[in-house]
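Okay, structure first, notes after.
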Amino acid sequence: MQLQFPDGAKRDYETGITARAVAEGISPSLAKRAALARIDGHLRDLDRPIEGDARIEFLMRDDPAVLDTIRHDTSHVMAEAVQELFPGTQVTIGPAIEDGFYYDFARETPFSLEDLPKIEQRMREIVDRDEKITREVWDRNEAIKHFEAIGEAYKAEIITDLPESETITVYRQGNWKDLCLGPHLPSTKMVGKAFKLTKLAGAYWRGDHRNAQLQRIYGTAWATQADLDAYLLRLEEAEKRDHRKLGRSMDLFHMQEEGRGMVFWHPKGWQLWRTLEAYMRRRLDAAGYVEVKTPQVLDRSFWEKSGHWEKYRPNMFVCETEEGEVLSLKPMNCPGHVQIFDYGQRSYRELPLRMAEFGACHRYEPSGSLHGLMRVRGFTQDDAHIFCREDQIVEETARFVELTRMIHKDLGMETAYVNLATRPEIRAGSDEFWDKAEGMLGEAARLAGVKPVIAEGDGAFYAPKLDFIVKDAIGREWTCGTLQLDYVLPERLGAEYVAEDGSKQRPVMLHRAILGSFERFIGIMIENYAGAFPLWLAPTQVVVATITSDAESYGQRAVETLRAAGLRVEGDFRNEKINYKVREHSVAKVPVIAVVGRKEAETGQVALRRLGSDGQQIVSLEEAARILGAESLPPDLRENT
RNA sequence: GCCGCUUUAGCUCAGCUGGUAGAGCACCUCAUUCGUAAUGAGGGGGUCACAGGUUCGAGUCCUGUAAGCGGCACCA
């Protein structure tokens, strides 16, 4: 057989030769340094026989493509360590994940945090033992028998559930064995010691809460210690951006026990909200939306009609009056919007009707899912429903994709990609319906210049949807924005319009949101900007800080002048050193500090200091008002000037 | 909801093997008028999450509850 090397050279080899043997034929040091082979684009163990003509490439340990294998192997080293230290613990699965790995164990007594250093220590010993890692192909039934015999019920179950055609491979690592697909590094030595066990968690077997709960140990692993250190530093940095910390230190909002998942917005946080809401309102007005407001609490019979009582009840805040009337806080705005659509007669001439609401919703979310502003029980959606004809879906969707990308960009985030969530296993509607629906959303995205990423099976049970994923400043991804097709609710609630031929027709609804919820989006913005908002969003835009009390009356004038220019300005005339004031307002992330002393008071100037820079810009007060006034314009208002 | 961890002053945290609470920042008062990231001195402030229990004695040990944190599940 013939192998082709990356430089294009081709050489003949005996069929079934291993990659390692090929490497040794080239140079012993290559064979020693190689971590994995890439055969026709697939990562393979070095000792795996090559069965026919192929392209071959050797990957060294520092190759980025090897990192996942290092992580996967580290999880195996951990599993070996755990089984040595805690006999009777069963292994289940242990994959590489982003930045690290985990392994799920079945064990009566849970692990404690104190166990982690012991496990790490044993892992280092296993690395030092330089255990050879070898691949073996086993007979299916023998493998099941073997794993059952040694008490590894989960492994036996995995094999039982594998399709008959699957090759059963077992990796031997010293005296330890694990059922695994591979590939793996040649020995535990090559796994290295740039790892750290990070957290303990419960996790359900096969991700299903009806199954047994396993003990998961998470870790991180890297090719080098330097990479590990850099990662740990990155975690620390991310922690500093945590919106819950910044929310407290910047006095934006708080939450308390009596209102789990409910937000108390403080004046500065609410200012941020108002700025965002005003911006969104202008963008929606310009995009041809009409805004409405629907009731917060509606009778049970209403939710029965909409279908929520049956399907969504556990998540609803239900209340009862003295007279026994049962009502619910709205968990969604859509049924309310359909009421407005249904009120009176609609004509095809009114379509597409884009009905928006900053709708405050309440959902009883499971206690364990609450997380700062990101997952709350009371939230306000930037919701809208587009009522349209079927032939308008593509155009409306395309317009929405464009609007969403523009708004995300204005708010400091790029739409990283758009998911097209397709038909789930359990679904309503025919295959023809799904073909058509998925086709329309995909076409619309492409019309708007976006190639959607297919999220197989992630759609709602009655229709597909588009999800917009944005990336923040430190590379984290957030799902913000969604568009969901809906033929069902208009049907349920009897939405109709009169068509050109006088017949009654049913509109299609597009549920759509750009921010998702204000709470969550503001949380994301806080983390994205690390609290240092651009001028137009900052709650306090300028602080006028005096150097001595001599400058106070001039400082007061400066505050008034800047306020007259539309800026949110505060004066700091306290008897404190300018160093102290500069530090305090910098820590509070105020974008501009306008310093005024005796000199400025005499010349009618201000010394502007921008957050993050220690330079000064000395301009006349009027000039400062002009510059900052222009700079503080929201992006949508700036475009027109 | 499930698993693990945590809960001490407004915030961040210290309090060893049980002997009755401490720091920094913040806050208040006084002095200081000082040109770009912390001026000095003084002062006030805690039912140690809550409820039981063990003990002569509990912030410290045990049990339960609640909330927070990290995951899992959930997010039609």
Side-chain angles (χ1 to χ4, degrees), chain A residues 97 102 104 107 109-116 198-218 239 242 244-245 248-249 251 254-261 306-308 310-316 331-332 334 363-372 374-377 379 424 426-428 458-463 465 479 482 484 486 488-489 511 516-517 520 545-552 573-588 593-600 607-616 618:
Chain A
I97 54 172
Y102 67 78
D104 284 346
R107 182 171 180 245
T109 34
F111 296 107
S112 82
L113 245 29
E114 288 95 73
D115 295 330
L116 296 188
T198 51
K199 48 201 174 194
L200 288 174
Y204 301 105
W205 167 237
R206 297 196 155 164
D208 188 329
H209 69 279
R210 287 164 304 191
N211 289 340
Q213 188 156 42
L214 307 171
Q215 306 292 324
R216 176 171 297 180
I217 304 179
Y218 280 95
E239 220 171 287
D242 190 312
R244 293 165 300 187
K245 277 204 163 108
R248 183 160 43 226
S249 65
D251 196 18
H254 87 268
M255 297 164 106
Q256 62 192 45
E257 273 194 35
E258 295 96 325
R260 300 190 61 193
S306 73
H308 288 81
E310 189 201 344
K311 283 243 140 86
Y312 207 68
R313 175 86 193 283
N315 286 296
M316 290 161 72
M332 296 177 199
C334 24
R363 294 183 190 171
Y364 186 78
E365 301 287 0
S367 59
S369 68
L370 301 178
H371 180 91
M374 303 304 193
R375 188 81 179 270
V376 289
R377 285 177 173 167
F379 54 93
I426 302 166
R427 58 177 181 264
D458 265 358
F461 89 103
Y462 50 83
K465 59 178 179 172
T479 303
T482 179
Q484 195 172 310
D486 188 358
V488 175
L489 198 64
H511 305 249
S517 83
R520 187 177 134 86
T546 48
I547 293 173
T548 64
S549 52
D550 295 353
E552 190 168 332
F573 307 142
R574 291 174 303 172
N575 175 14
E576 292 290 351
K577 288 180 143 185
I578 192 63
N579 278 309
Y580 181 88
K581 295 186 184 181
V582 165
R583 176 180 156 78
E584 191 170 277
H585 302 302
S586 298
V587 167
I593 303 172
V595 176
V596 296
R598 202 169 293 160
K599 207 160 63 188
E600 285 75 14
L608 301 181
R609 184 195 164 104
R610 310 284 180 148
L611 182 61
S613 117
D614 50 9
Q616 298 171 47
I618 298 174

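So you know, we letter chains A, B, ... as the sequences are listed, proteins then strands, and number each from 1. Only heavy atoms go into these numbers, but all of them, side chains included; no hydrogens, no water, no symmetry mates.
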- Whole-Å distance, D458(A) CG to C75(B) C1', equals 12 Å
- Pairing partner of G64(B), by Watson-Crick or G-U wobble and under 3.5 Å for both distances, is C50(B)
- G-U wobble or Watson-Crick pairing nucleotide for G19(B) (cut-off 3.5 Å, both distances): C56(B)
- Looking at F111(A), is R107(A) sitting on its ring face, NZ or CZ under 6.0 Å from the six-membered ring centre and within 45 degrees of the normal? yes
- By the Watson-Crick or G-U definition, both distances under 3.5 Å, G70(B) is matched with C3(B)
- Task: Kindly give the heavy-atom pair with the smallest separation between E600(A) and G597(A), and that separation in Å.
- Result: OE1-N, 2.9 Å
- Message: For C75(B), give the paired nucleotide (Watson-Crick: N1-N3 plus N6-O4 or O6-N4; G-U: N1-O2 and O6-N3; both under 3.5 Å), or none.
- Response: none
- Message: With no hydrogens and no angle check, just 3.5 Å: does a side-chain donor-acceptor pair link Y204(A) and R206(A)?
- Response: no
- Item | D242(A) side chain to E239(A) backbone, donor-acceptor under 3.5 Å | no
- Contact class for K199(A) vs. all strands (heavy atom < 4.0 Å): base, sugar-phosphate, or nothing? sugar-phosphate
- Between G19(B) and A58(B), how far apart are the P atoms? Round to whole Å, please. 11 Å
- Nearest to the side chain of V587(A) - C72(B), A37(B), U33(B)? A37(B)
- Item | Inter-nucleotide P distance (U60(B), G52(B)), Å rounded | 14 Å
- Item | Nucleotide nearest H209(A) (side chain, heavy atoms from C-beta), chosen from C75(B), A73(B), A37(B) | A73(B)
- Message: Here's a test of your reading of the structure: between N315(A) and P110(A), which maps to the more 5' nucleotide of RNA chain B?
- Response: P110(A)
- Give one of base, sugar-phosphate or nothing for R216(A), where a contact means two heavy atoms less than 4.0 Å apart. sugar-phosphate
- Message: Can you work out whether H371(A) or H308(A) has the more 5'-proximal nearest nucleotide on RNA chain B?
- Response: H371(A)
- For the side chain of V595(A), starting at C-beta, report the closest nucleotide among G35(B), A37(B), U12(B). G35(B)
- Message: Measure CZ/R210(A) against P/C72(B) and give the value in whole Å, please.
- Response: 18 Å
- Base, sugar-phosphate, or nothing: which does I578(A) touch, judged by heavy atoms less than 4.0 Å apart? sugar-phosphate
- Could you check how far CG of N579(A) sits from C1' of U39(B), rounded to whole Å? 10 Å
- Mark yes or no for a side-chain to base donor-acceptor pair under 3.5 Å between Y204(A) and G1(B), with no hydrogen or angle criteria applied. yes
- So which nucleotide from U12(B), C69(B), G35(B) ends up closest to the side chain of R244(A)? C69(B)
- Against the side chain of Y580(A), the closest entry in C5(B), A26(B), C34(B) is A26(B)
- Note on the structure: Answer for the Watson-Crick or wobble partner of G42(B), both distances under 3.5 Å, is C28(B)
- Query: When all nucleic acid strands are considered with a 4.0 Å heavy-atom cut-off, which category describes H585(A): base, sugar-phosphate, or nothing?
  - Reply: nothing
- Task: Assign R260(A) to base, sugar-phosphate, or nothing according to its heavy-atom contacts below 4.0 angstrom with the strands shown.
- Result: sugar-phosphate
- Please state how far atom NZ in K581(A) lies from atom P in G35(B), giving the value in whole angstrom units. 12 Å
- Please measure how far the C1' atom in U36(B) lies from the corresponding atom in G42(B), and state the result in whole Å. 29 Å
- Task: Could you give me the CA-CA distance, side-chain angles and deciding distance for V376(A) and L370(A), then say whether side-chain contact (heavy atoms from CB on, under 4.5 Å) is met?
- Result: CA-CA 6 Å; V376(A) 289; L370(A) 301 178; 5.7 Å; no
- Message: Considering every strand and a 4.0 Å limit on heavy-atom distances, what is the contact class for A201(A): base, sugar-phosphate, or nothing?
- Response: base
- Which heavy-atom pair separates A201(A) from Y218(A) by the least distance, and what is that distance? CB-CE1, 4.1 Å
- Quick one: do R583(A) and E576(A) satisfy salt bridge (charged side-chain N to carboxylate O under 4.0 Å, His left out)? Show the steps, please. CA-CA 11 Å; R583(A) 176 180 156 78; E576(A) 292 290 351; over 6 Å; no
- Query: Roughly how far apart, to the nearest Å, are A9(B) and A23(B) at atom P?
  - Reply: 14 Å
- Task: Go through G1(B), G71(B), G35(B) for me and flag the one nearest to the S367(A) side chain.
- Result: G1(B)
- Is any side-chain nitrogen or oxygen of R609(A) closer than 4.0 Å to OP1 or OP2 of A37(B)? yes
- Return the value, rounded to whole Å, for the distance between atom CD of E365(A) and atom C1' of C75(B). 6 Å
- With a 4.0 Å cut-off on heavy atoms, is A607(A) in touch with a base, just the backbone sugar-phosphate, or nothing at all? base
- Query: NA contact type, G207(A), heavy-atom cut-off 4.0 Å: base, sugar-phosphate, or nothing?
  - Reply: sugar-phosphate
- Please walk me through it: do Q256(A) and H254(A) pass side chain to side chain donor-acceptor pair (under 3.5 Å)? CA-CA 7 Å; Q256(A) 62 192 45; H254(A) 87 268; 2.8 Å; yes
- Message: Which nucleotide wins on minimum distance to the side chain of Q215(A), given the candidates G35(B), C3(B), A73(B)?
- Response: C3(B)
- Note on the structure: L214(A) CG to A73(B) P, in whole Å, measures 11 Å
- Message: Cation-pi check for Y462(A) against R427(A): NZ or CZ below 6.0 Å from the six-membered ring centre and within 45 degrees of the axis, yes or no?
- Response: no
- Separation of the C1' atoms in A66(B) and A51(B), to the nearest angstrom: 10 Å
- Message: Using a 4.0 Å heavy-atom cut-off, does E257(A) contact any base of the nucleic acid, only the sugar-phosphate backbone, or nothing at all?
- Response: sugar-phosphate
- Message: Check this one for me: any side-chain N or O of R598(A) less than 4.0 Å away from OP1 or OP2 of U33(B)?
- Response: no
- Query: Whole-Å distance between G71(B) P and L116(A) CG?
  - Reply: 15 Å
- Query: What does A9(B) pair with, Watson-Crick or G-U, if both distances are under 3.5 Å?
  - Reply: none
- Message: As a test of reading the structure: which of U33(B), C75(B), U36(B) is closest to the side chain of R363(A), going by heavy atoms?
- Response: C75(B)
- Message: Under 4.0 Å, counting only non-hydrogen atoms across every strand here, what does Y462(A) touch: a base, just sugar-phosphate, or nothing?
- Response: base
- Query: Rounding to the closest angstrom, what is the interatomic distance between A21(B) and A37(B) at atom P?
  - Reply: 42 Å
- Message: What's the gap between C61(B) and C48(B) when it is taken at their C1' atoms, as a whole Å value?
- Response: 15 Å
- Item | No-H, no-angle donor-acceptor pair, E600(A) side chain to G35(B) base, under 3.5 Å | yes
- Query: When the distance from CZ of R375(A) to C1' of G71(B) is rounded to whole Å, what number comes out?
  - Reply: 14 Å
- Message: Say we look at C3(B) and U63(B): how far apart would their P atoms be, to the nearest angstrom?
- Response: 15 Å
